[in-house]
Structures are given as structure tokens and as C-alpha cells.
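Below: the structure, in C-alpha cells.
Values reported hereafter were calculated over all heavy atoms of this structure, with side chains retained and with hydrogens, waters and symmetry mates removed.
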Amino acid sequence: MAGRKFAFLAALETLAEGGEVIDPHVVRRLLGRRDRIEQLTPRETEVLALTAEGRTNIATAAELVISDAAVAKHINRVFAQPA
């Protein structure tokens, strides 16, 4: 229970700072769809993998040395892929 509470508070903090929060469970389900994964660019795949680990856009941006706006753009493109 404490872990969920911490995750919830961390998500709220991220949102309050203008970030985005994507449930890692949703990302893992998407990762299970190989047909969709094959359509992603290498950078989109990197961003998706870090998001699946539960990283915030800001943490992902720091890891990949890109802006958090670029991370958001990649995530939006990932989830806009046709089903």
C-alpha cells in the first residue's frame, strides 16, 4: 500500500510540475504488441522503454539528452500508431 501511495504522490508531483504521467502497465501492454513495436523509430523505442520503466518525461529526457518536449512528442507518436 505504501508503494502505491508513493507512486501516486510522485505522479501528482510530476503533473504539478507540468510533466506527464503514463502508467507503466499500459506501456508494457503496448510493448507486448510486436507488430506495433516494429513500426517505431529507434528513438521512439528508446523513449517507450524508459517510460515502461516508470521514468518521467524529465528523467527520460535527461537520460537521452533531449528536451522533455521531445520526449512528449515521441510518446504522442508512439500512442498514435495505428492499432
Side-chain angles (χ1 to χ4, degrees):
M1 181 72 165
R4 285 188 198 162
K5 184 177 181 180
F6 176 76
F8 178 73
L9 293 175
L12 282 178
E13 183 176 304
T14 298
L15 292 171
E17 293 172 352
E20 295 181 29
V21 177
I22 299 176
D23 185 345
H25 176 73
V26 172
V27 176
R28 283 191 294 274
R29 286 186 58 204
L30 178 61
L31 285 172
R33 302 258 338 260
R34 287 239 183 262
D35 56 328
R36 290 189 68 185
I37 296 301
E38 292 171 357
Q39 298 173 13
L40 302 178
T41 67
R43 181 59 92 183
E44 289 168 345
T45 303
E46 289 176 317
V47 169
L48 183 60
L50 293 171
T51 302
E53 293 175 3
R55 296 190 194 199
T56 64
N57 286 8
I58 294 170
T60 298
E63 175 77 20
L64 299 177
V65 192
I66 59 177
S67 71
D68 56 324
V71 171
K73 177 180 139 188
H74 288 303
I75 289 172
N76 287 334
R77 287 183 24 197
V78 165
F79 286 100
Q81 295 288 334

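Residues V78 and V47 are not in side-chain contact: their nearest non-hydrogen atoms beyond the backbone lie 4.5 Å or more apart.
Among N76, I66, I58, T56, the single residue meeting the side chain to side chain contact (heavy atoms under 4.5 Å, CB included) criterion with V71 is I66.
With rounding to the nearest 0.5 Å, the separation of OG1 in T60 from CG in D68 is 10.0 Å. Note: L40 CG to L48 CG = 6.5 Å, rounded to the nearest 0.5 Å.
Looking at every heavy atom in both residues, L50 comes nearest to L64 through CD1-CG, 3.8 Å.
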